[in-house]
Number of protein chains: 2
Amino acid sequence: MEKDITIYDIARELELSPTTISRALNDHPSVNKNTKQRISEAAAQMGYRSNLFASNLRKQRTNTIGMIVPRLDSPFHSAVIAGIEKIANEEGYNLIISQSLETLHKEVANAKTMFDSRVDGLLVSLSFETDSLEHFEQFINRGIPVIFYDRVTEHKNCTNIIIDNLQAAYKATTHLIEQGCTNIVHITGNLKRNVYADRLKGYKYALIDHNLPFTESNVLKSQLTEEAGKLAAEQILAMNPLPDGIFVSNDTCAVSCLRTLKQAGISIPRDMAVIGFNNDLTSRVVEPNLTTINYPGQEMGEVAVRVLLMQMNGTGEKIPSNTINLRSELIIRESSLRGKASPKKKDILL
Amino acid sequence: MEKDITIYDIARELELSPTTISRALNDHPSVNKNTKQRISEAAAQMGYRSNLFASNLRKQRTNTIGMIVPRLDSPFHSAVIAGIEKIANEEGYNLIISQSLETLHKEVANAKTMFDSRVDGLLVSLSFETDSLEHFEQFINRGIPVIFYDRVTEHKNCTNIIIDNLQAAYKATTHLIEQGCTNIVHITGNLKRNVYADRLKGYKYALIDHNLPFTESNVLKSQLTEEAGKLAAEQILAMNPLPDGIFVSNDTCAVSCLRTLKQAGISIPRDMAVIGFNNDLTSRVVEPNLTTINYPGQEMGEVAVRVLLMQMNGTGEKIPSNTINLRSELIIRESSLRGKASPKKKDILL
DNA sequence: TTGTACGCGTTATCAA
DNA sequence: TTGATAACGCGTACAA
């Protein structure tokens with residue numbers, strides 16, 4: 001366990017000043033080319049490594065991006081994180097990650113850690129429970145940009161990255177109606193969160209615009225997990241009359257629900273048409289294949305971090321738009337096709 | 001954008017020395033209780049936050065754990081990361097994450113970043129390409145513990161966390177044989193990696209122990225992706241005679257392969273029995289449900305980080321065992337049950 | 001129980 | 001083009 005080499009060691013070795021060493025290693029223009037060469041060779045040979053703490057301490061900057069997600073083990077968030085890490089890494093930033101596990105108190109604790117770690121920027125997707133943004137004010141007060149994605153909320157100083165959930169849900173519901181469904185159930189998550197509230201609105205407006213009644217009893221609140229899908233299916237089977245269409249707010253839950261219904265003897269899509277949300281791998285595996293909304297997680301991550309980097313390095317100019325909408329699309333598969341359409345036809349993008 | 005409050009500011013405010021402030025905030029025993037109380041109140045009121053860099057610089061310790069994974073968007077690695085984050089967070093450590101994207105050069109670059117970031121410990125699952133551990137020597141030389149999990153390699157100073165891949169594959173293959181399969185194909189990944197090499201061995205030994213021939217042509221090398229599953233299925237369909245059993249080294253690939261075979265008119269498990277690896281969600285969704293090996297990702301993450309923490313904080317004593325084996329198990333589902341066994345029976349654990 | 005003084009390794013500033 | 005010096009904020013040996 002040898003001692004670390006510092007720029008002083010190199011300076012002594014080369015009979016130069018530490019200043020020059022520092023400059024050379026940072027490729028400062030005012031250092032002689034030959035000197036630079038000598039220094040970088042010596043540094044490599046001596047096994048020098050820069051001390052980021054000292055540098056951060058001095059520069060008051062960490063080159064670190066913080067991230068708070070509800071859960072790390074979700075296909076959607078994995079995709080987002082993969083996108084973020086890719087860009088952050090390319091741009092020379094470290095990524096610190098923590099999960100709120102859908103609780104407010106963890107989210108608050110995570111925010112504190114991120115703050116103490118002096119992240120240069122923060123990317124957040126809110127937990128189910130979050131109903132106040134107080135724990136993010138500390139960042140905003142210090143000019144540290146905060147960006148919300150997917151599970152967002154309005155804040156005058158923060159950019160939101162989302163898809164048009166209302167429109168996507170509207171399209172999905174309309175598609176069900178066009179397939180002849182007249183009694184459509186919607187399985188949703190925590191309505192505090194924009195994503196679920198907006199999808200509910202889209203569902204509702206589509207019904208109304210097509211002169212179908214909207215009834216509260218057709219909206220099932222759920223945790224949207226695999227387990228919750230089974231429970232929802234049981235609730236649906238107890239309904240009288242049975243619905244003929246189901247729009248679920250994520251694929252995990254939709255797939256589990258679909259399978260439970262099938263096991264109970266319901267024919268999909270003939271008796272009930274089903275639509276999910278996210279385009280997870282499982283939507284392409286379940287039989288019949290699940291109609292769903294394609295939600296570009298990796299792309300969302302890349303956009304989010306790019307915008308964050310702009311704000312971090314920006315000359316202070318605010319980006320005019322406070323909300324960035326990414327394109328999403330309805331992918332029609334067999335689980336919702338009740339017409340004469342061949343079930344073998346290729347995926348159709350709307 | 002106010003200026004940061006430091007212990008000096010608090011000291012001035014309370015007419016005490018910075019030393020006392022520092023001690024009080026770190027709950028040092030030799031500070032008067034009342035003084036402590038006053039100080040922590042003032043700190044809270046003034047909006048003080050500790051500067052981790054200065055502290056790290058001084059303490060030569062970062063409270064940060066580094067992690068290098070092949071891909072962030074994989075169900076298995078997501079589960080591992082979730083487990084690691086949970087424990088690390090509880091113990092007050094930050095987590096820095098990067099992905100190698102299965103390439104050596106990225107893994108090397110990531111290792112350098114982790115080293116410069118002065119992580120206190122490192123968790124690694126190796127990329128497909130990695131064939132040298134040189135980039136980890138810098139850590140080991142400085143006494144920074146490195147732990148490999150899942151995709152591991154032998155190193156006299158590093159602990160490995162794995163499951164018994166050979167045994168798991170042996171069990172899976174034996175199960176196929178017991179179900180009457182005599183011509184079994186194995187779809188594997190990059191054989192440089194222990195996980196795939198060991199599973200191949202388990203497959204091979206099971207065949208030999210049951211007096212079945214082992215033929216190279218029955219081993220298909222693959223990227224184990226969704227796409228690769230389709231390709232593998234096509235290769236299998238071109239075989240003559242057709243095999244009657246398939247053991248695949250992950251679920252994503254197994255499911256995709258199974259579906260492609262079904263579409264080509266093969267009956268699963270009657271014509272071909274199929275077994276996967278990992279127990280991903282898709283294995284419970286595909287029809288017929290996939291027999292697979294349960295691979296406890298979250299648990300593996302938790303164990304890995306616990307062992308790492310012990311080594312980081314250990315009094316230098318080495319842990320006797322160099323390899324920690326976690327329990328895995330064969331989950332028998334319909335995709336491999338060819339006997340008279342009811343396909344509706346519950347999952348069977350072996 | 002409290003305080004003084006210094007060092008951790010780097011970079012910004014000013015001067016040469 | 002190079003160097004001397006101070007400062008970033010904290011923790012600790014030593015002194016009181």
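These values consider heavy atoms only, across backbone and side chains, with no hydrogens, waters or symmetry-generated copies. Lettering of chains follows the sequences in order, A, B, ..., and the numbering in each one begins at 1. Worth saying up front: this structure is predicted, and the values here are computed from it rather than measured.
- Nucleotide C:dT11 holds its C1' atom 15 Å from the CZ atom of B:F53, rounded to whole Å.
- Side-chain nitrogen and oxygen atoms of B:T35 include at least one within less than 4.0 Å of the OP1 or OP2 phosphate oxygen of C:dT2.
- An OP1 or OP2 oxygen of C:dT10 is reached within less than 4.0 angstrom by no side-chain nitrogen or oxygen of A:N56.
- Atom CD1 in A:I39 sits roughly 8 Å away from atom P in D:dT2 (whole-Å rounding).
- Applying the 4.0 Å criterion to OP1 and OP2 of D:dT2, one finds that A:T20 has every side-chain N and O outside that range.
- Where A:I7 and B:P29 each meet DNA chain C at their nearest nucleotide, the meeting point lying more 5' is that of B:P29.
- Distances shown here put a side-chain N or O of A:S17 below 4.0 Å from the OP1 or OP2 atom of D:dG3.
- Applying the 3.5 Å distance criterion, the base of C:dG9 shares no donor-acceptor pair with the side chain of B:R58.
- Open room surrounds CD on B:E134; 12 or fewer heavy atoms of other groups in view lie less than 6.0 Å from it.
- At a cut-off of 3.5 angstrom, counting only N and O atoms as typed in the model, there is a donor on one side and an acceptor on the other between the side-chain of A:R23 and the base of D:dG3.
- Between B:Y8 and C:dT4 there is no side-chain N or O to OP1 or OP2 distance below 4.0 Å.
- Side-chain N/O atoms of A:S30 include none lying less than 4.0 angstrom from OP1 or OP2 on D:dT1.
- A side-chain donor-acceptor contact under 3.5 Å links B:T62 and B:D120.
- Rounding to whole angstrom units, CZ of residue A:R61 and C1' of D:dC8 are separated by 16 Å.
- At distances below 3.5 Å, not a single donor-acceptor pair connects side-chain atoms of A:R118 with backbone N or O atoms of A:R61.
- Separating the CD atom of B:Q37 from the C1' atom of C:dT1 is a distance of 17 Å, rounded to the nearest angstrom.
- Look at A:T19 and you won't find any side-chain N or O under 4.0 angstrom from OP1 or OP2 of D:dG3.
- Between B:S55 and the phosphate of D:dG11, there is a side-chain N or O to OP1/OP2 separation shorter than 4.0 Å.
- Using a 4.0 Å cut-off, some side-chain N or O of B:S22 falls inside it from OP1 or OP2 of D:dG11.
- Put simply, B:Q60 has no side-chain N or O that comes within less than 4.0 Å of OP1 or OP2 on D:dG11.
- Checking each of B:L126, B:N157, B:V124 against B:L133 for a side-chain contact (heavy atoms from CB on, under 4.5 Å) leaves exactly one that passes, namely B:L126.
- Between A:F76 and A:Y149, the two ring planes are tilted [angle within 30° to 60°].
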